[in-house]
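Throughout, a chain's letter reflects where its sequence line sits, starting with A, and its residues are numbered from 1.
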2 protein chains.
Amino acid sequence: MAMTPAQALKLWHDVALSRVLADGPDLSERQIAILLSIYLDPPPHTVRGLAARLNVTKPVITRALDTMGAEGLVTRKRDPADRRNVIIQRTVKGALFVDELADLILEKSAPARAGAPS
Amino acid sequence: MAMTPAQALKLWHDVALSRVLADGPDLSERQIAILLSIYLDPPPHTVRGLAARLNVTKPVITRALDTMGAEGLVTRKRDPADRRNVIIQRTVKGALFVDELADLILEKSAPARAGAPS
DNA sequence: TCATTTTGTTTCGCGGCCGAAACGGCGCAG
DNA sequence: CTGCGCCGTTTCGGCCGCGAAACAAAATGA
């Protein structure tokens, strides 16, 4: 997985452009970082943990979870062991969104392959 | 330049995370797309052209240029030939920003190389 | 029991971005 | 010269995210 600076920039541009053109939920860069942390890092995920990981305040995480929760990308659940904690959980829709993002990146990194997937 | 879906997502996550942690100007995804279009597509660039390319309204471009212009990433100049047009020009600072983004992507795509570049 | 700490949420004031529409400057055809 | 169309900007009302601080609920320890 080697690439030139020009290739890297073109990849970033193409993906950003596709995401702007698409009419899906337009998440900020922070929200993207939060969402991918949830889906890539091993659980459990808490508000406090995510805030520390991104070096942002807790309300930022709460608001992002509100927005993405309304989109159905994540879910919140009280921790039964310590009811102060909130466990952030993945959803089918969120996993689908992440998969589509991965597909988009791969598509833009390997342009003009023959058989376009459905 | 081949990668697995997991690698693609990790790359996107790491770059987004680095950009969130960094204290540089935090641009929206639209602004990133506009900036990279300016720096990757051949000039000249006009408000109308960028609006059509991103399929957004013209005020979106004007506002993005206001913001990025205040950051010194782009400049506007009247077209002397047709004074209705505005030519968007690149700046040294903008080129530097784009280069740093490319470096970041490359760094995150080739993790843990031995000699870290200065 | 009760004060203290921890966790996540909410409130507050502020600023930025949004789309639609109105606006002013400019070119062009007649 | 004059009316019409194009280009970019500005205005309008509204929505969303921000950080700091106040807040409610739950656990902890004496």
Atom [atom1] of [X] and atom [atom2] of [N]: how far apart are they, to the nearest Å?
X: A/H45; N: C/dG8; atom1: NE2; atom2: P; value: 13 Å
X: B/D66; N: C/dG15; atom1: CG; atom2: P; value: 17 Å
X: A/E71; N: D/dC16; atom1: CD; atom2: P; value: 11 Å
X: A/N55; N: D/dG19; atom1: CG; atom2: P; value: 10 Å
X: A/R48; N: C/dT9; atom1: CZ; atom2: P; value: 14 Å

Between [X] and [N], does any side-chain N or O lie under 4.0 Å from OP1 or OP2?
X: B/R63; N: C/dC18; value: yes
X: B/R78; N: C/dG25; value: no
X: B/T67; N: C/dC17; value: yes
X: B/R83; N: C/dG24; value: no
X: A/Q31; N: D/dG17; value: yes
X: A/R30; N: D/dC18; value: yes
X: A/T62; N: C/dG8; value: no

Legend entry - Under 3.5 Å donor-acceptor pair, A/R84 side-chain atoms to C/dT6 base atoms: yes
Legend entry - Single hit among B/N85, B/I87, B/L65 for side-chain contact (heavy atoms from CB on, under 4.5 Å) with B/V47: B/L65
Inset, instruction - Kindly check if the number of other-residue, nucleotide or ligand heavy atoms within 6.0 Å of CG (B/N55) is above 12? - result: no
Legend entry - B/R84/B/D79 salt bridge by N-O under 4.0 Å criterion: no
Legend entry - Over all atoms of both residues, closest heavy-atom pair of A/L27 and B/E29: O-OE1, 3.7 Å
